[in-house]
Amino acid sequence: MTDTAPTADRPPTLQLSGVQRAYREGEGRLDVLTGADLEIGAGELVALVAPSGAGKSTLLHIAGLLERPDEGEVYINGTACGSLRDADRTRIRRLDIGFVYQFHHLLPEFTAVENLVLPQMICGLGRKEAAVRAEQLLAYMRLKDRGDHRPAELSGGERQRVAIARAVVNAPRLVLADEPTGNLDPRTSAHVFDALAALVRATGLAALIATHNLELARRMDRRITLQEGRVVEI
Ligand SMILES: Nc1ncnc2c1ncn2[C@@H]1O[C@H](COP(=O)(O)OP(=O)(O)OP(=O)(O)O)[C@@H](O)[C@H]1O
């Protein structure tokens with residue numbers, strides 16, 4: 001057992017228990033998740049590798065409280081989220097979960113620093129304090145001299161590093177990433193992944209990263225896949 005493994009008094013950062021999700025498909029239904037169980041502890045970096053259409057995004061959306069499962073439960077830091085009101089789910093999502101997508105989704109009219117200041121102000125921080133944290137994180141991501149650049153003035157890899165910094169700027173406990181390096185060349189992918197992995201190691205975050213990149217998957221702590229709607233360790 002590692003020192004970050006969940007214990008009775010320290011629940012896993014993310015736990016899925018018997019999660020089911022089906023979509024309507026014409027007259028029938030498509031069972032995407034059929035009883036998915038998963039635990040990820042603090043400081044763990046887990047790769048989710050599965051074929052297109054297997055349900056990776058669905059799993060990430062449910063884990064990130066963006067969607068509700070049809071059956072089963074999602075626990076974030078031990079809190080059962082199924083019966084919570086939408087407002088409480090939103091609060092947990094804002095404070096405890098960071099998202100990284102294949103495309104950066106940075107606000108194009110704002111600089112890198114401003115893209116990191118805004119989410120902190122939404123969570124109640126003052127602008128000055130938020131700017132200090134933004135500058136620190138950008139320096140950590142080796143983007144110290146890019147703070148006043150807008151997304152269009154950054155390279156693809158730099159944009160993704162800003163997007164990762166934004167995902168963790170409010171010090172969440174869990175990061176969920178859907179193909180975070182999917183549109184980058186292999187070398188840039190490796191750099192962006194290194195930055196994310198260093199953050200996870202340094203801060204004790206838990207991270208679940210959907211990727212088709214087997215090279216990156218091999219460098220994570222664990223690899224899981226989806227088989228007929230269930231989570232299977234590879
Ligand atoms: N809102 C929806 N309504 C109906 N079907 C959906 C919906 N969202 C996803 N699906 C279907 O559910 C299945 C799983 O989709 P999902 O996006 O989770 O897969 P994925 O593993 O992330 O795929 P990819 O690697 O291509 O992104 C697919 O067959 C998809 O067409």
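Fair warning: this is a prediction, and the values are worked out from it, not measured in the lab. Heads up: numbering here begins at 1 and tracks the sequence. Read the numbers this way: they start at 1 and go in the same order the structure lists the ligands and their atoms.
Of the protein's non-hydrogen atoms, Tyr23 CD2, 3.6 Å is the one closest to atom 3 (N) of ligand 1. Counting only heavy atoms of the protein, atom 24 (P) of ligand 1 lies nearest to Ser52 OG, 3.6 Å. Atom 25 (O) of ligand 1 has its closest protein heavy atom at Lys56 NZ, 2.7 Å. Among all protein heavy atoms, the one lying closest to atom 19 (O) of ligand 1 is Gly55 N, 3.3 Å. The single protein non-hydrogen atom nearest to atom 27 (O) of ligand 1 is Ser57 OG, 3.9 Å, given as residue, atom name and distance.
With a 4.0 Å cut-off on non-hydrogen atoms, Pro51 touches ligand 1 through its backbone and not its side chain. Residue contacts with ligand 1, taken as heavy atom pairs separated by less than 4.0 Å, involve His212 solely via side-chain atoms from C-beta onward. With a heavy-atom cut-off of 4.0 Å, Thr58 touches ligand 1 through backbone and side chain alike. Residue contacts with ligand 1 for Leu30 involve side-chain atoms from C-beta outward but no N, CA, C or O (heavy atoms, distance under 4.0 Å).
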Legend entry - Working for side chain to side chain contact (heavy atoms under 4.5 Å, CB included), residues Leu48 and Thr211: CA-CA 6 Å; Leu48 171 55; Thr211 182; over 6 Å; no

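Within the 3.5 Å criterion, the main-chain N or O of Phe110 finds a donor-acceptor partner in the side chain of Asn115. Distance alone, capped at 3.5 Å, places no donor-acceptor pair between the Thr188 side chain and the Leu184 backbone.
The closest side-chain donor-acceptor pair between Asp148 and Thr111, if any, does not fall under 3.5 angstrom.
Between His105 and Tyr101, the ring-plane angle classifies as perpendicular under the 30° and 60° cut-offs.
Which parts of ligand 1 touch Val32 is read off a 4.0 Å heavy-atom cut-off, strictly below it: atoms 12 (O), 13 (C), 14 (C).
Residue contacts with ligand 1 do not include Ala50, since none of its heavy atoms lies under 4.0 Å from the ligand.
Remark: atom 31 (O) of ligand 1 lies closer than 4.0 Å to no protein heavy atom.
Of the candidates His149, His191, Arg146, Arg146 is the only one forming a side-chain hydrogen bond (donor to acceptor under 3.5 Å, both in side chains) with Glu158.
In this structure, the side chains of Gln20 and Asp31 stay at 4.5 Å or more apart for every pair of heavy atoms.
In this structure, Ala50 and Lys56 approach most closely via the heavy-atom pair O-NZ, 2.9 Å.
The residues Glu109 and Arg150 are annotated as not salt-bridged, no charged nitrogen and carboxylate oxygen being separated by less than 4.0 angstrom.
Of the N or O atoms in Gly53, one or more lie within a sub-3.5 Å distance of an N or O in ligand 1.
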